[in-house]
Trainee: 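Take a look at the following structure, please.
The structure displayed is predicted, hence computed values, not measured ones. Below, chain A is the first sequence line, B the second, and so on; all start at residue 1.
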Protein chains: 2
Amino acid sequence: MEAIKAAEGHHICTELPSAARSGPVSHAISRAARLHRKAAGQLLRGLGLHPGQELVMMHLWERGPARQSELIRLLDLDPSTVTKMLQRLEQAGHVRRLPDPADRRAVLVEATDASSHLLAEVEEAWGVLEENTLTGLTAPERRQLLDLLAKVETNLCGSGGEG
Amino acid sequence: MEAIKAAEGHHICTELPSAARSGPVSHAISRAARLHRKAAGQLLRGLGLHPGQELVMMHLWERGPARQSELIRLLDLDPSTVTKMLQRLEQAGHVRRLPDPADRRAVLVEATDASSHLLAEVEEAWGVLEENTLTGLTAPERRQLLDLLAKVETNLCGSGGEG
DNA sequence: GCGCATTCCTTGGTCGGCCAATCAAATCTC
DNA sequence: GAGATTTGATTGGCCGACCAAGGAATGCGC
């Protein structure tokens, strides 16, 4: 807890909200993530994608056609979220949905050829985003951050979610 | 860079999504933040609050009546976001909005007395969230995470915001 | 005082994300 | 095989969050 006080010294963009006392790291995660998403949105805007969509596309480009349920599992999203996202991606021409011949309730999703030109741009955007995010951080710090976030992820993965 | 090639050469350990290669930390932030927000939502649900709202309430409890513009600045949110959030909080009886006598276009917001009983519960929920998030992390690790996230925040604070 | 930019807030729209409930198909059980 | 269960996907509703655009009051320059 002393460590927290130590870090309190340098405020960033705001003054210390009470949330930062009840849960300093939680607060930092929320703030950083919001800024990060915003930055992602601005980078992706030029490509006609909204933040979140690029993850779907990357999976499809990478792994080829996938069942919707697979995307849901991989992205760890709510089924309805994926459904709606895919409807929009389909309408935007980035994605095609076909019935799965092996399972008549399933839907196969694949990236359209038209979308493939976005691949490089999206990865470029993510590269820029990553660099913007990590400017001034040394390689060990980046690794450390990755490591710590992975632990957080593990902690939260089943926390209350396994109802 | 060499590490990436090394991972490509042979099979990938986990189901490493392509996003994790273009921006591993970005990907980790997104994932961790989503899980974190979800956990927050589940903790706050019992209190009748949605994630995000508790930050507004905490500011009001802490600092007393505030102008909407102040909340916008402090929470670093879009004005329209705050407007709608406050409309819902007001309708839920957690917040009251009065005209600012000193500035006829401004709105003063204050937490209702009825909402004050939530204060302790919200802070309790945030405490639990924080602990759930950081389980298994040592004090130095927590401090490190906080520190690294602060750097990320700083990096993203203006990055692309003015464009 | 007048006009113009600024500030404060609102509305409308879009999107990601969740939950709850639903339908359809596949699977398991008996 | 009939029935119950599980899985796959959808719909509707809600909320946070953004942008774009607008209206209203303030403040500044003149």
Side-chain angles (χ1 to χ4, degrees), chain A residues 30-31 33-46 48-57 66-92 94 97-109 160-161 163, chain B residues 30-31 33-46 48-57 66-73 75-92 94 97-109 160-163:
Chain A
S30 303
R31 282 190 67 85
R34 186 142 24 83
L35 289 170
H36 182 267
R37 188 183 186 81
K38 199 167 164 185
Q42 284 163 358
L43 283 169
L44 290 170
R45 164 170 297 189
L49 287 177
H50 296 265
Q53 296 184 333
E54 86 279 17
L55 294 176
V56 174
M57 295 310 298
R67 283 232 286 277
Q68 212 158 312
S69 59
E70 195 182 333
L71 289 174
I72 290 166
R73 215 168 358 224
L74 285 165
L75 297 170
D76 192 39
L77 291 173
D78 191 88
S80 63
T81 299
V82 175
T83 292
K84 292 172 188 170
M85 221 185 304
L86 288 176
Q87 288 172 344
R88 285 161 186 150
L89 283 172
E90 184 177 33
Q91 188 165 7
H94 298 313
R97 292 152 88 208
L98 328 141
D100 184 340
D103 190 335
R104 273 197 299 173
R105 59 210 159 133
V107 176
L108 281 180
V109 187
Chain B
S30 304
R31 284 189 67 85
R34 185 143 22 83
L35 290 170
H36 182 267
R37 187 183 185 83
K38 199 168 165 186
Q42 285 163 357
L43 283 169
L44 290 171
R45 164 169 297 190
L49 288 177
H50 296 266
Q53 297 184 333
E54 86 280 16
L55 294 176
V56 174
M57 296 309 298
R67 282 230 289 268
Q68 210 159 313
S69 59
E70 196 182 332
L71 289 173
I72 290 166
R73 213 168 2 221
L75 297 169
D76 193 39
L77 289 173
D78 191 88
S80 61
T81 299
V82 174
T83 292
K84 292 172 186 168
M85 219 185 302
L86 287 176
Q87 288 172 345
R88 283 158 187 152
L89 283 171
E90 183 177 34
Q91 189 165 7
H94 298 314
R97 291 153 90 207
L98 327 141
D100 185 339
D103 190 337
R104 272 196 302 175
R105 56 206 161 138
V107 176
L108 281 180
V109 187
E162 38 270 48

Trainee: Take A/R105 and A/K84, find for each the nucleotide of DNA chain D with the closest heavy atom, and name the residue whose nucleotide sits nearer the 5' end.
Mentor: A/R105
Trainee: Taking all non-hydrogen atoms of both residues into account, name the closest pair between B/P79 and B/I72 and its distance.
Mentor: CA-CD1, 3.5 Å
Trainee: Tell me whether the OP1 or OP2 atom of D/dG16 has a side-chain N or O from B/Q53 closer than 4.0 Å.
Mentor: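 Affirmative; the distance criterion is met.
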Trainee: Would one find a side-chain N or O of B/T81 under 4.0 angstrom from OP1 or OP2 of D/dA17?
Mentor: no
Trainee: Looking at A/V109 and A/R97, what are the two nearest heavy atoms and their distance?
Mentor: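 What the structure gives for the nearest pair is CG2-CG, 4.2 Å.
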Trainee: Distance check: side-chain N/O of A/Q68 vs OP1/OP2 of D/dT10, anything under 4.0 Å?
Mentor: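 For A/Q68, the contact criterion (side-chain N or O under 4.0 Å from OP1 or OP2 of D/dT10) is met.
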Trainee: Quick one: does B/Q53's side chain have a donor or acceptor within less than 3.5 Å of a partner on B/H50's backbone?
Mentor: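 Side chain of B/Q53 to backbone of B/H50: a pair is present.
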Trainee: Nearest whole Å is fine: how far is C/dT7 C1' from B/E70 CD?
Mentor: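 Whole-Å distance recorded here is 15 Å.
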Trainee: A/L43 has an atom CG; how far is it from atom P of D/dC18, in whole Å?
Mentor: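 It works out to 16 Å between those atoms.
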Trainee: Can you tell me if A/Q87 touches the phosphate of D/dT11, counting only side-chain N or O atoms and a distance under 4.0 Å to OP1 or OP2?
Mentor: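 True: A/Q87 side-chain N/O within range (under 4.0 Å) of D/dT11 OP1/OP2.
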Trainee: Return no unless some side-chain N or O of A/R37 is found under 4.0 Å from OP1 or OP2 of D/dC18.
Mentor: no
Trainee: Base, sugar-phosphate, or nothing for A/L77, non-hydrogen atoms under 4.0 angstrom?
Mentor: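 Sugar-phosphate, no base atom in range.
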Trainee: With a 4.0 Å limit, can you tell me whether A/R97 has a side-chain N or O closer than that to the phosphate oxygens OP1/OP2 of D/dT10?
Mentor: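 Yes, within the criterion.
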Trainee: Assess the residue pair A/R67 and A/V107 against the criterion (side chain to side chain contact (heavy atoms under 4.5 Å, CB included)); give the C-alpha distance rounded to whole Å, side-chain angles, the decisive distance to 0.1 Å, and a yes or no.
Mentor: CA-CA 6 Å; A/R67 283 232 286 277; A/V107 176; over 6 Å; no
Trainee: Return the value, rounded to whole Å, for the distance between atom CG of A/L44 and atom P of D/dC19.
Mentor: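 Answer to the nearest Å: 13 Å.
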Trainee: From CD of B/Q42 over to P of C/dC18, roughly how many Å is that when rounded to an integer?
Mentor: 10 Å
Trainee: B/S80 side chain N/O closer than 4.0 Å to the phosphate oxygens (OP1, OP2) of C/dT11?
Mentor: no
Trainee: Please answer whether the main-chain N or O of A/L77 pairs with a side-chain N or O of A/T81 as donor and acceptor at a distance below 3.5 Å.
Mentor: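 Checked: no pair found.
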Trainee: Just the rounded figure in Å: distance from P of D/dG8 to CG of A/D78.
Mentor: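 Going from A/D78 (CG) to D/dG8 (P), I get 14 Å.
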Trainee: Just call it for B/S69: base, sugar-phosphate, or nothing, with non-hydrogen atoms closer than 4.0 Å on any strand.
Mentor: sugar-phosphate
Trainee: How close or far is atom P of C/dG16 from atom CZ of A/R45, stated in whole angstroms?
Mentor: 13 Å
Trainee: Answer with base, sugar-phosphate or nothing: what part of the nucleic acid does A/R73 contact at a heavy-atom distance below 4.0 Å?
Mentor: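 A/R73: no heavy atom of the nucleic acid under 4.0 Å.
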Trainee: Using a 4.0 Å heavy-atom cut-off across all strands, classify B/D103 as base, sugar-phosphate, or nothing.
Mentor: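 Sugar-phosphate only.
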Trainee: So, is B/R88 close to the D/dG16 phosphate, meaning a side-chain N or O under 4.0 Å from OP1 or OP2?
Mentor: yes
Trainee: Starting at CZ of A/R104 and ending at P of D/dT7, how long is that distance when rounded to a whole Å?
Mentor: 20 Å
Trainee: Quick one: closest heavy-atom pair of B/R31 and A/L75, and the distance?
Mentor: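 Heavy-atom minimum between the residues: NH1-O, 4.1 Å.
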Trainee: How long is the line joining CG of B/L75 and P of C/dC8, in whole Å?
Mentor: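 One finds 15 Å between P of C/dC8 and CG of B/L75, rounded.
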